[in-house]
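These notes are about the structure you will find just below.
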Amino acid sequence: MFKKVICTLLASIIMSSACIAILGGCSDNGSDDVSSVSSDEFIPHKFGKSDLTVNDKIRLCMTVDEVKAILGEPDSELTNANDDFIYGKYTNMKYGSLSLTFYDVSGGDELTLGIINSSSESDKFANGLSAGSSSEELFYVFTKSEDNLPLYFGGLEDCYGSYVYGSYTSEAFIEEKPMEEIQYAYINKWGVDNGYENEYTIEYYYFDPLEWNDEQTKYSGSYYSMIFYMDAESDLVTSISLTYDAIL
């Protein structure tokens with residue numbers, strides 16, 4: 001289903017520098033050192049728009065020119081077209097271990113930053129999280145909410161994991177037609193539990209309020225994800241991916 005497809009596409013994107021659909025603009029975010037964070041200095045929160053940057057400089061939805069104005073020319077730059085993806089054309093730029101992928105979301109010539117990926121401890125994401133961060137640090141920054149209210153999207157059977165916060169079913173989502181923002185997070189250990197791999201993911205999602213058609217049968221909108229790839233033995237982050245996508 002939708003959620004399962006997105007997870008599968010994201011994995012292939014990072015491995016092959018392919019792409020998935022993105023749309024819209026994003027917010028800036030500051031960065032702190034996780035190792036020095038305490039309850040007096042930082043209030044844990046759900047993943048959201050304030051967490052969409054890396055190194056306190058680069059944010060999702062920047063243009064190629066905006067990124068180059070900050071980072072200069074990349075170590076490598078590849079532009080390609082792929083008819084298997086909705087927007088087709090994409091450009092991947094690499095700055096050391098930082099991989100940035102841009103897509104044409106407007107039907108014109110301007111590309112927008114839609115995926116940020118890094119496996120380096122030197123690249124700092126929300127509140128200083130990076131490769132090498134522990135699951136304890138991650139859960140401290142993106143804590144489980146106390147209310148743990150249901151948040152509807154997708155299908156429970158598609159997540160193959162247990163929830164950090166939120167829950168969803170496709171039936172309830174269509175019935176409720178949520179108009180507010182949607183947030184949920186879960187741990188996907190399906191591959192580890194079934195002996196296929198030694199890596200699992202901790203995934204966080206935020207949806208902007210969706211737009212419904214007049215008949216209240218179809219919807220569109222934008223959503224963001226932050227996926228931590230975890231070593232199953234050490235429970236340390238091996239890489240981090242930020243994405244910005246569209247439901248069309």
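Since the model is a prediction, treat every value here as computed from it, not as a measurement.
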Practice task
State the CZ-CG distance between F102 and L60, to the nearest 0.5 angstrom.
Solution key: 10.0 Å
Exercise for the section: Answer yes or no: is there a side-chain heavy-atom contact under 4.5 Å between L98 and S120? Expected result: no
Completion exercise
Here the gap from K189 atom NZ to I202 atom CD1, rounded to the nearest 0.5 Å, amounts to 7.5 Å
Practice task
Mind checking the OG-CD1 spacing from S133 to I240? Nearest 0.5 Å is all I need.
Solution key: 6.0 Å
Practice task
Using a 4.5 Å cut-off on heavy atoms from C-beta on, say whether the side chain of V141 contacts that of H45.
Solution key: yes
Problem - Residue pair D56 / K124, side-chain heavy-atom distance below 4.5 Å - result: no
Exercise for the section: Please tell me if the side chains of D208 and S222 come closer than 4.5 Å, counting only heavy atoms from C-beta onward. Expected result: yes
Problem - Check: K68 and P74 side chains under 4.5 Å, non-hydrogen atoms - result: yes
Practice task
Could you point out which residue of M226, Q183, K46 forms a side-chain contact (heavy atoms from CB on, under 4.5 Å) with F142?
Solution key: M226
Exercise for the section: Indicate whether any N or O donor in one side chain lies under 3.5 Å from an N or O acceptor in the other, for D231 and N198. Expected result: no
Problem - Aromatic ring proximity Y206/F47, centre distance under 6.0 Å - result: no
Practice task
Please tell me if the side chains of T112 and C61 come closer than 4.5 Å, counting only heavy atoms from C-beta onward.
Solution key: yes
Exercise for the section: For the pair Y186 and Y163, name the ring-plane relationship: parallel under 30°, tilted 30 to 60°, perpendicular over 60°. Expected result: perpendicular
Exercise for the section: Side-chain contact test, heavy atoms from C-beta onward, threshold under 4.5 Å: evaluate it for L138 versus M230 and give yes or no. Expected result: yes
Handout entry: Residue pair E215 / T217, side-chain donor-acceptor N/O under 3.5 Å
Key = no
Problem - Ring geometry between Y204 and F228 (parallel below 30°, tilted from 30 to 60°, perpendicular above 60°) - result: perpendicular
Handout entry: Polar contact flag, side-chain donor to acceptor under 3.5 angstrom, S119-S97
Key = no
Exercise for the section: Measure the shortest side-chain to side-chain distance between Y103 and D245 over non-hydrogen atoms and say whether it is less than 4.5 angstrom. Expected result: no
Handout entry: Main-chain N/O of A126 paired to D51 side chain as donor or acceptor, under 3.5 Å
Key = no
